[in-house]
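One-based numbering, in listed order, for ligands and for the atoms of each.
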Amino acid sequence: MRTDTPQAIYLKDYTPPAFQIETVDLDISIEAGFACVTASLACQRNPAAADPSASLVLNGEDLKLESVRLDGRPLGQGEYVLCADQLMIHAELPDSFTLTTVSTINPDGNTQLSGLYRSKDGYFTQCEAEGFRRITWFLDRPDVMAKYTVTIHADKAQFPVLLGNGNPVGAGDEEGGRHWAKWEDPFRKPSYLFAMVAAKLDMLEDWFVTKSGRKVRCAVYVEPGKLDQCGHAMAALKKSMKWDEDVFGLEMDLDHYMIVAVGDFNMGAMENKGLNIFNTKYVLARPDTATDIDFQNIDRVVAHEYFHNWTGNRVTCRDWFQLSLKEGLTVFRDQQFGMDMHSAGVTRIQEVRTLRTAQFPEDAGPMAHPIRPASYAEINNFYSATVYEKGAEVIRMIHTLIGKDAFRKGMDLYFARHDGQAVTCEDFVAAMQDASGLDLTQFKRWYNQAGTPKLLVRGAYDAATKRFTLDVEQQYPATAYEKRLEAEGRAVARGAYHLPLVIGLLGADGRELPLRLAGESAAADTQRVLSITEDRQQFVFEDLAEAPVPSLLRGFSAPVVLDYPYSQADLTHLMARDSDAFCRWEAGQRLATDILMAGVAAFQAGSGDTLAWVPAGYVDAMRALLGSAFAPGGDPALVAEALMLPSEVVLIEATEGTVDPDAIHAARLALRRHLANELKGPFAAAYHELKIDAPYSPEATQAGARALRNACLSYIAEVDDAESLALLQNQFDSANNMTDSMAALSALAQFASPARDAALERFLAKWKDEALVVDKWLQVQSTSRAPDTGARVRALLDHPAFDIRNPNKVYALIRAFCAANPKHFHAADGSGYALAADAILQLDALNPQVAARIARSFDRWRKFDTQRQSLARMALVRVQGHDKLSRDVAEIVGKALES
Ligand code: B3K
Ligand code: ZN
């Protein structure tokens with residue numbers, strides 16, 4: 001039995017590779033039941049290597065080595081050493097040479113979906129982070145950049161489409177009904193960006209002319225019969241190409257840009273040079289199969305992978321510790337794109353919600369790490385909300401601190417210095433510092449320190465001097481990460497962060513007041529960026545004729561928890577009047593959180609049902625909020641966001657001390673029902689008013705109206721009478737798009753009733769052949785609050801519509817249950833934990849990356865009561881005790897149990 005976390009590797013141990021590989025010539029032949037891979041590597045000793053006489057040691061995994069040749073000469077047994085994951089060449093090596101290996105691999109048996117694998121009727125690859133070593137022996141690390149050619153051979157009838165990175169340079173037929181194609185990538189790249197495909201696929205083609213007149217062929221490849229679901233992805237690709245030229249001056253550098261959709265894929269998508277491979281979830285969409293959110297996600301993921309061409313591919317990472325160099329920056333870029341394409345305020349609110357739901361808990365739990373961790377056991381566990389989402393917040397803070405123009409100059413300088421290189425986060429920050437002239441030395445703490453800082457802000461108005469004083473204090477206690485470093489004797493000094501605090505001040509009439517700091521004479525703005533660098537700082541604003549209500553952390557200017565003692569009246573004022581969309585939404589969330597926490601206490605004391613904890617005026621504030629959507633300049637999409645109470649996951653995080661998931665659930669549901677009953681008339685009126693007669697379009701205005709209409713529907717459903725049921729039923733029956741259909745189904749699915757069962761049955765009968773819609777069917781059940789959910793999820797594991805080998809199905813049924821259904825996952829009898837443990841063990845034997853993601857569901861087990869902690873611990877110990885546990889799951893479970 002394992003008792004500890006697996007061996008870690010450390011950033012401090014980085015050394016340059018002993019060899020560089022100039023060119024890689026691959027020949028990959030897909031045969032029945034196996035594939036044969038011949039790789040010729042033109043190698044050179046690296047003058048920058050620490051040891052000038054080091055041996056060549058190549059990585060490999062699940063490869064059967066058939067032969068090794070050095071400059072054409074076959075190597076004998078004594079000239080190399082082979083073990084399960086390394087091939088060491090002992091033969092004397094000249095300074096430059098060609099090493100050729102022949103290996104066989106088993107893509108049909110590759111259930112990990114890393115390397116070359118089979119999905120339905122085709123072969124696909126996923127090489128990031130360390131999948132290339134599952135295709136051939138290689139120096140599989142991102143600082144080894146080479147030019148690649150690949151020749152693919154396969155049966156022509158079964159696999160008519162053969163694709164590689166770069167440009168097609170030859171193709172032809174072979175004996176026995178087979179064919180071949182050769183692809184050449186003109187750009188040097190790390191092995192993680194290699195890709196190939198051999199499959200039967202349909203293709204949608206279009207063209208994009210770049211600003212310098214280069215004609216790029218854009219192609220989207222999908223499973224036969226799905227061409228009518230590719231148009232949105234293609235449009236998103238062309239919009240992304242244009243946006244990157246307009247905003248960052250970055251142009252497409254290849255003649256072919258291909259996107260291939262595959263149904264079995266661990267992540268969302270992969271930015272392989274010129275040959276992106278995508279999860280079907282982020283390509284396929286038709287109004288009747290995909291929701292507004294799906295359409296938006298496609299825009300964002302297509303843009304994200306496209307933007308990687310510069311931030312990731314042209315300039316890549318020196319080592320995997322630098323992952324946020326490409327991911328944080330590229331998420332920031334796709335967020336900016338999202339704000340330009342959709343409503344900027346709503347986009348920002350959705351990002352903050354994701355951060356709070358996924359990243360804040362990570363930062364507070366056993367897997368806490370800075371955006372650049374100092375060590376890891378399994379790199380796949382660090383494709384995390386911290387590296388991605390907090391990484392993007394860190395880039396956004398640089399953008400806010402130095403301003404848009406200096407940021408653009410910094411990007412230009414970064415590319416001028418590092419195009420074609422594998423670099424570090426320091427290199428990026430240095431470019432931003434040099435371009436802006438702002439000293440970012442202290443700012444770099446964001447790369448080394450974990451945890452969500454808390455900003456304690458206090459305001460005081462002095463009528464006599466007309467001054468308003470803001471005191472700002474930051475707190476950044478050590479997390480599980482720092483405690484581990486300390487235990488290992490590697491503690492790093494922690495210190496105050498450098499962060500932008502964007503603020504405004506509101507007068508009693510809602511006017512924005514001019515902000516003049518003591519000592520300044522210049523005309524004042526109504527919004528300012530305060531540069532916070534100390535543990536404690538004070539800002540004094542002058543010439544204020546009245547006590548203002550401060551609007552703090554506008555646009556969520558830093559990834560912190562803000563603590564300001566707002567009164568309920570202040571919050572209602574900000575909610576209605578703040579000019580900053582995020583702060584308006586935030587005031588509403590904060591107000592709801594305060595009320596719900598009182599509700600939780602009331603439920604724990606047995607008096608929750610009285611609703612005495614709901615303050616007078618709250619219903620009116622929500623009524624006014626709903627009404628504001630219909631006033632001139634109203635924004636229904638934003639109102640839809642603001643009507644949504646903080647989720648149970650957010651409330652769990654907001655709880656100081658022991659979490660009571662039942663009381664949280666009860667309080668939130670009671671408040672929803674109260675609002676539904678009190679505002680029955682306004683919700684019904686808004687629902688009817690927002691009916692859309694125009695043909696479906698996923699664009700922001702129509703989607704915003706639909707979002708508000710469906711938010712009203714979900715409240716109407718809480719009334720739970722014949723009238724509301726009829727309304728749900730009617731929407732479910734008559735919807736002409738998936739957004740409306742899912743809104744009705746998801747409302748119906750909250751109640752264990754014959755209406756629910758009938759709707760679910762009809763939905764599955766209609767959509768059983770659309771895999772992505774079946775995923776929605778699974779998820780709507782796994783996230784239901786209905787009392788029979790735990791049992792239903794267990795039963796669904798054996799349903800023919802579920803397939804444990806397909807990551808999307810696992811995410812829809814199991815991960816959604818564990819991560820988005822706290823009431824049932826944290827069931828007091830431990831049944832949710834047992835279900836997760838069973839799934840983790842079953843998955844680990846098939847796909848450790850996916851198993852490890854489910855294992856993350858236990859991150860917050862220490863926040864619950866002793867009974868739940870014992871049950872969670874038993875589930876974790878059961879997983880840890882398994883004798884063939886993967887490194888992926890062992891790292892997660894080990895850290896959870898250590899916490
Ligand atoms: N770079 C890929 C992620 C690869 C995940 C490897 N486990 C997708 C993306 O961030 O664009
Ligand atoms: Zn990415």
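To the nearest 10 degrees, the Zn ion (ligand 2) sees OE1 of E327 and NE2 of H308 at an angle of 100°.
Listed by chain and residue number, nothing satisfies the salt bridge (Lys or Arg N to Asp or Glu O under 4.0 Å) test with D888 (two or more places apart in sequence, or in another chain). The salt bridge (Lys or Arg N to Asp or Glu O under 4.0 Å) test applied to R396 returns E351, not counting sequence neighbours. Shown here are the side-chain contact (heavy atoms from CB on, under 4.5 Å) partners of K226, two or more places apart in sequence or in another chain: V222, E223, Q229, L284, E770.
Using a 4.0 Å heavy-atom criterion, the residues that approach ligand 1 are Q126, E128, A129, M267, A269, M270, E271, H304, E305, H308, K326, E327, N380, Y383, Y388, Q849.
Between R417 and D427 no salt bridge is recorded (no basic side-chain N to carboxylate O distance below 4.0 Å).
Atom CD1 of residue I277 and atom CZ of residue F124 lie 7.5 Å apart, to the nearest 0.5 angstrom.
For the pair R815 and Y811, the cation sits on the ring face: its NZ or CZ lies under 6.0 Å from the ring centre, inside 45° of the axis.
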